Q: 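Can you read through this structure? Questions will come right after.
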Amino acid sequence: MSHSRRRFLLAVGSAVLIAGSGRAIANAITQKGKRYALIHDETRCIGCNECAVACAKANDVTAGYSRLSMIPLPKSEQNDNEERYFRHSCQQCDDAPCISVCPTGASYRDENGIVQINKALCLGCDYCVSACPYDVRYIDPVKHVADKCDFCSEKRLSQGFMPVCVRICPKNALFFGEEESADVQRQLRVGTYYVHQLKNVGKPHIYRIVSL
């Protein structure tokens, strides 16, 4: 087990789980433009990792590194046969510490609410990697800049396409869109969901459905 994954699993136990049941979210957008969000339906996900493989290929991720991974969660106490997987990737959180520690402004939030990395400004200093409490950033050893999930902004979203993980999922366990749109709100009304929010970190914009 990697050091990053070990730290993540320890953090799961201390997370603040903000849950909703059968209702849509109310989101306060503090900047102009859209706010995109991703929904991961844990009731559908089978942990096949096709999303991670497709992501690496579509975004030219260096071998041995990943923008996302699927982590098996402990089996539910209510159902010992239940298999659940946690999407480990950038949370697109409010008040992101990776932005505040960046000395050059390379880490920033764009007009769509997505935490981005301006590779032309990135020094590869590792400050943002150390600051991220979710351990979802890394320094690319070939490009010498920070990297992470950005919803395929450069390769797909800017061209009008969905993130590749959403398109490739064989179980339709991922849903992506403007957070306050009717489609996203409808998806969040079907059951119980939560966000994985660590203490002293802003609200994430990855929503996780746990029951229908």
Side-chain angles (χ1 to χ4, degrees), residues 1-19 36-76 82-99 107 113-117 126 128-141 146-153 162-176 193-210:
M1 179 183 294
S2 69
H3 175 66
S4 174
R5 182 166 296 187
R6 188 179 301 111
R7 282 187 58 189
F8 163 76
L9 289 173
L10 288 173
V12 167
S14 61
V16 177
L17 301 182
I18 301 179
Y36 283 115
L38 182 79
I39 299 172
H40 177 221
D41 189 339
E42 293 181 4
T43 69
R44 292 173 176 259
C45 180
I46 59 174
C48 65
N49 259 329
E50 287 191 30
C51 55
V53 173
C55 170
K57 183 176 180 180
N59 294 289
D60 303 319
V61 176
T62 298
Y65 291 81
S66 178
R67 287 183 167 197
L68 70 93
S69 61
M70 303 309 300
I71 300 178
L73 287 172
K75 291 184 177 180
S76 168
E82 186 177 26
E83 295 287 349
R84 289 290 172 85
Y85 297 87
F86 184 94
R87 178 189 167 99
H88 188 212
S89 66
C90 178
Q91 300 289 294
Q92 307 297 341
C93 54
D94 294 336
D95 302 318
C98 57
I99 294 177
S107 286
I114 302 172
V115 178
Q116 298 277 16
I117 299 168
D126 203 52
C128 64
V129 175
S130 298
C132 176
Y134 296 102
D135 288 315
V136 294
R137 285 182 171 234
Y138 65 93
I139 299 298
D140 189 296
D147 193 31
K148 67 168 195 69
C149 170
D150 62 0
F151 292 150
C152 296
S153 290
M162 288 284 177
V164 70
C165 59
V166 178
R167 186 189 68 80
I168 203 71
C169 180
K171 295 297 183 179
N172 296 317
L174 295 171
F175 190 89
F176 176 82
Y193 65 87
Y194 73 99
V195 295
H196 178 70
Q197 182 175 0
L198 297 177
K199 292 181 179 179
N200 302 317
V201 182
K203 176 180 174 291
H205 292 271
I206 306 294
Y207 297 90
R208 307 167 190 279
I209 295 176
V210 293

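The structure displayed is predicted, hence computed values, not measured ones.
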Q: Does the pair His205 and Lys203 meet the rule for a side chain to side chain contact (heavy atoms under 4.5 Å, CB included), with working shown?
A: CA-CA 7 Å; His205 292 271; Lys203 176 180 174 291; 3.7 Å; yes

Q: Once you round to the nearest 0.5 Å, how far does CD1 of Ile139 lie from OH of Tyr65?
A: 9.5 Å

Q: Using a 4.5 Å cut-off on heavy atoms from C-beta on, say whether the side chain of Thr62 contacts that of Pro141.
A: yes

Q: Kindly indicate whether the side chain of Gln92, heavy atoms from C-beta on, has any atom under 4.5 Å from the side chain of Phe151.
A: yes

Q: Before you tell me yes or no, could you show the steps for Cys51 and Leu68 under side chain to side chain contact (heavy atoms under 4.5 Å, CB included), namely the whole-Å CA-CA distance, both residues' side-chain angles and the distance that decides it to 0.1 Å?
A: CA-CA 8 Å; Cys51 55; Leu68 70 93; 3.5 Å; yes

Q: Is the closest side-chain heavy-atom distance between Asp95 and Val201 below 4.5 Å?
A: no

Q: Are any non-hydrogen side-chain atoms of Phe86 and His196 less than 4.5 angstrom apart?
A: yes

Q: To the nearest 0.5 Å, tell me how far Cys165 SG sits from Met70 CE.
A: 9.5 Å

Q: Please name the pair of heavy atoms, one in Ala58 and one in Val164, separated by the smallest distance, quoted to 0.1 Å.
A: CB-CG1, 3.9 Å

Q: For the residue pair Gln197 and Tyr134, confirm or rule out a side-chain donor-acceptor distance under 3.5 Å.
A: no

Q: Looking only at heavy atoms, which two atoms of Ile99 and Ser107 are closest? And how far apart?
A: CG2-O, 3.6 Å

Q: Looking at Ala96 and Val115, what are the two nearest heavy atoms and their distance?
A: CB-CG2, 4.3 Å

Q: With side chain to side chain contact (heavy atoms under 4.5 Å, CB included) as the test, would you mind laying out the steps for Ser153 and Gln116 before giving the verdict?
A: CA-CA 9 Å; Ser153 290; Gln116 298 277 16; 3.0 Å; yes

Q: Just so I know, are the side chains of Leu174 and Leu38 near enough to count as touching, which here means a heavy-atom distance under 4.5 Å?
A: yes

Q: So, do Arg67 and Val136 sit near enough that their side-chain heavy atoms are less than 4.5 Å apart?
A: no

Q: Is a salt bridge present between Arg208 and Asp41, judged by a nitrogen-to-oxygen distance below 4.0 Å?
A: no

Q: State, to 0.1 Å, how close Cys128 and Ala146 come at their nearest heavy-atom pair, and which atoms those are.
A: SG-CB, 3.7 Å

Q: Specify the closest pair of heavy atoms between Phe176 and Ala37, including all atoms of both residues, with the distance to one decimal.
A: CD1-O, 3.4 Å

Q: State, to 0.1 Å, how close Asn172 and Arg44 come at their nearest heavy-atom pair, and which atoms those are.
A: O-CD, 3.4 Å

Q: Taking the side chain as C-beta and beyond, is there a heavy-atom pair between Ile117 and Lys148 under 4.5 Å?
A: yes

Q: Less than 4.5 Å apart, any side-chain heavy atom of Ser66 and any of Tyr138?
A: no

Q: Tyr36 and Ile114: side chain to side chain contact (heavy atoms under 4.5 Å, CB included), yes or no, with the steps?
A: CA-CA 7 Å; Tyr36 283 115; Ile114 302 172; 4.0 Å; yes

Q: I'd like to know if Asp147 and Arg137 make a salt bridge, using a cut-off of under 4.0 Å between side-chain N and carboxylate O.
A: no

Q: In Å, rounded to the nearest 0.5 Å, how long is the span from SG of Cys169 to CE of Met162?
A: 13.5 Å

Q: Under a plain distance cut-off of 3.5 Å, with no hydrogens placed, do His88 and Asp135 share a side-chain donor-acceptor pair?
A: no

Q: With no hydrogens and no angle check, is any side-chain donor or acceptor of Lys57 less than 3.5 Å from a backbone partner on Ala52?
A: no

